[in-house]
Amino acid sequence: MNHLRLIVGAGVLDGLRWARQNLYALLILSPLVLGMTYFGVGRILRDAGWEPSRGEALALATLTTLCLVVLAMSRASAEIYHTRRPEALLDTLPVAADTHLHAALARRLARAAAVAGVAVVARALTRGGASDATLAAALVLYAAVVALAQVFAALEWIHWGHKRERAHALAALCGAGAAAAAGGALLLLIVKPAHFGAGGRAAALAGGALLAAGLYASALALHRRWRAADIEYAKRVRARERRGPDWERVLRRFVTKDSVRAQLARDLRLTLRGFSSAVYAAAAVAALWVLVLAAVLVSGLLPGAGGAGSSSWLAATWLPPVLAVKFACVLAAATLAALVPVLVAYQSPHFWLERAAGVPGADAWRAKLYYARAVTLPGALAAWALGCLCGATPAFYAVPLLAECVWLWWIVSTLAGGLAFETPEQPGLAVIMVACVTLAAGGFTAFIWPMGLALYTFGLPQMLMRAQLRAHVHIEQVESRQ
């Protein structure tokens with residue numbers, strides 16, 4: 001217990017030191033971005049008159065919880081096994097294995113509690129109801145379920161990569177699914193308790209408590225059993241080599257500067273290796289947007305399929321199926337673009353190597369800009385190809401639609417690259433910022449594509465100049481902290 005108290009206390013002091021160094025991002029930038037997101041999305045939903053039903057709200061809450069679990073697997077595994085962290089020194093000291101797990105769980109609980117706090121704010125904004133004992137119990141259980149699910153999924157993920165045991169992979173999927181369902185019910189109980197009756201509230205709380213107890217017992221048993229065998233694999237998992245394309249040779253004809261090409265090749269290798277669980281989440285969500293587009297086009301829900309009644313290019317650009325393809329292109333590209341700030345945060349501790357090698361900030365930023373364009377291109381092309389293959393878009397408009405999708409991809413990827421180094425210390429906030437900016441600009445351009453020219457001509461040059469300066473400043477700050 002003394003060891004755990006010392007480790008948690010050191011983590012609290014480190015967190016306070018980090019917060020003191022990032023007061024601007026915490027007190028000004030974060031409220032600004034979250035407030036603009038709420039008022040922007042809220043205004044759109046109010047204008048559309050959309051009020052989710054109980055089933056839709058529960059599905060949305062479940063999906064949100066599942067994303068929280070999947071996105072945190074990489075960081076949770078790093079906190080459990082101390083990969084690329086100063087706590088690796090603890091592995092050389094006589095600290096019990098359970099203490100390592102409980103310290104990681106404490107970190108996860110603190111982060112999950114912050115998410116629960118955001119849910120309370122959403123409850124107040126949506127007039128979900130007054131605070132009561134049920135709210136307090138739901139908050140505690142939701143934070144516990146999310147944190148325990150993240151730890152359990154991280155243990156299973158590392159062990160599956162080490163041993164490739166299908167039974168444990170199935171157990172991880174079942175555990176994550178059960179946690180998403182129970183957490184979704186608890187989250188909905190926090191935000192919109194009106195969707196539950198007295199019996200439903202009791203069932204949600206009881207289910208969350210039972211699942212939290214089961215996840216804790218499972219995580220504790222698995223950690224005791226696997227830690228000694230999996231810790232070395234966890235520490236070398238990021239450095240292992242896999243055969244793949246020779247990115248240096250592939251990129252030679254597209255990127256002329258050696259330093260930029262080397263960084264871009266490294267970034268692409270890291271992505272293909274799955275440097276973070278966010279890679280899998282972004283790829284899955286982007287594929288989901290494309291599948292939704294296919295379902296909408298094939299089902300004939302949209303009028304104007306096949307371009308009936310339109311023979312001109314200007315008329316075809318506003319056909320509902322064409323607009324659906326363009327919006328799906330924006331959604332898929334923006335989802336994949338969210339990997340850019342995650343990659344920057346992952347590489348931040350090692351940016352002093354770029355500085356020591358004499359890599360200027362402009363080259364570091366340009367590599368991330370090219371990376372944003374590389375990872376978002378498949379989503380844009382998939383949306384266009386599916387729109388043409390489904391036959392819902394006019395055949396004569398296939399090539400102009402490709403040009404529009406390429407233009408949307410260029411806008412979205414350039415904005416994502418420009419924001420790569422805006423808030424490298426807060427990847428969560430950076431993901432929200434990139435998503436909001438790219439979706440807003442991409443959606444507006446998808447509806448009125450010439451307006452993208454004005455954005456690109458008058459807004460992006462200043463943004464890209466700031467991006468180069470932010471990259472230079474961040475690399476210098478990282479070097480000064482080493």
Side-chain angles (χ1 to χ4, degrees), residues 1-19 68-115 140 143-165 168-169 171-172 175-176 179 211-240 274-278 345-346 348-350 427-428:
M1 184 60 69
N2 290 332
H3 289 162
L4 178 61
R5 185 169 61 251
L6 291 174
I7 295 172
V8 173
V12 171
L13 290 177
D14 183 65
L16 292 175
R17 189 181 300 113
W18 175 87
L68 289 174
V69 173
V70 174
L71 290 174
M73 285 196 306
S74 294
R75 180 166 291 189
S77 64
E79 292 168 353
I80 295 170
Y81 296 107
H82 310 314
T83 58
R84 298 175 284 107
R85 297 178 64 88
E87 291 90 337
L89 178 64
L90 297 174
D91 293 326
T92 63
L93 301 176
V95 179
D98 291 355
T99 303
H100 293 292
L101 180 67
H102 290 146
L105 183 58
R107 288 180 176 270
R108 292 290 97 203
L109 281 171
R111 296 179 183 275
V115 176
V140 173
V145 167
V146 171
L148 288 166
Q150 290 171 348
V151 170
F152 173 78
L155 290 170
E156 291 281 6
W157 180 43
I158 293 296
H159 186 73
W160 179 82
H162 186 198
K163 298 296 186 179
R164 299 290 177 177
E165 296 177 357
H168 287 291
L211 182 62
L215 287 174
Y216 174 74
S218 300
L220 189 62
L222 295 178
H223 184 256
R224 289 174 178 174
R225 180 181 177 184
W226 292 343
R227 181 177 179 83
D230 289 349
I231 188 169
E232 291 302 323
Y233 173 81
K235 290 184 176 181
R236 71 172 186 269
V237 64
R238 302 302 179 204
R240 71 183 187 273
F275 70 92
S276 168
S277 55
Y346 174 82
S348 284
H350 309 290

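Residue numbers run from 1 in the order of the sequence given. Just so it is clear, the values below take in all heavy atoms, side chains as well, and ignore hydrogens, waters and symmetry mates.
Closest approach of Tyr81 to Leu155, counting heavy atoms only: OH-CD2, 3.4 Å. Considering all non-hydrogen atoms of both residues, Val145 and Ala179 come closest at CG1-O, 3.8 Å. Residues Ser77 and Trp157 come closest through the heavy atom pair OG-CZ3, 4.0 Å. For Ala103 against Leu4, the heavy-atom pair with the smallest separation is N-CD1, 3.6 Å. Nearest approach of Ala112 to Ala143, heavy atoms of both residues: CB-O, 3.5 Å. The shortest heavy-atom contact between Ala76 and Gln150 is CB-O, 3.9 Å.
The shortest distance between side-chain heavy atoms of Leu220 and His102 falls below 4.5 Å. Side-chain contact between Met73 and Glu156 is absent, with no heavy atoms from C-beta onward closer than 4.5 Å. Leu68 has its side chain within reach of Val115: a pair of non-hydrogen atoms, C-beta onward, lies under 4.5 Å apart. Looking at Val69 and Phe152, their side chains never come closer than 4.5 Å, going by heavy atoms from C-beta outward.
The structure places CG of Asp98 at 10.0 Å from CZ of Arg227, a figure rounded to the nearest 0.5 Å. Here the CG atom belonging to Leu222 is positioned 10.0 Å from the CG atom belonging to Leu101, to the nearest 0.5 angstrom. Atoms CH2 and NE2, from Trp226 and His162 in turn, are 12.0 Å apart once rounded to the nearest 0.5 Å. Annotation: the span from Leu105 atom CG to Ile80 atom CD1 amounts to 8.5 Å, rounded to 0.5 Å.
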Would you check, one step at a time, whether the test side chain to side chain donor-acceptor pair (under 3.5 Å) holds for His100 with His223?
CA-CA 9 Å; His100 293 292; His223 184 256; over 6 Å; no

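For the pair Arg164 and Trp160, the cation-pi criterion (under 6.0 Å, within 45° of the ring axis) is fulfilled.
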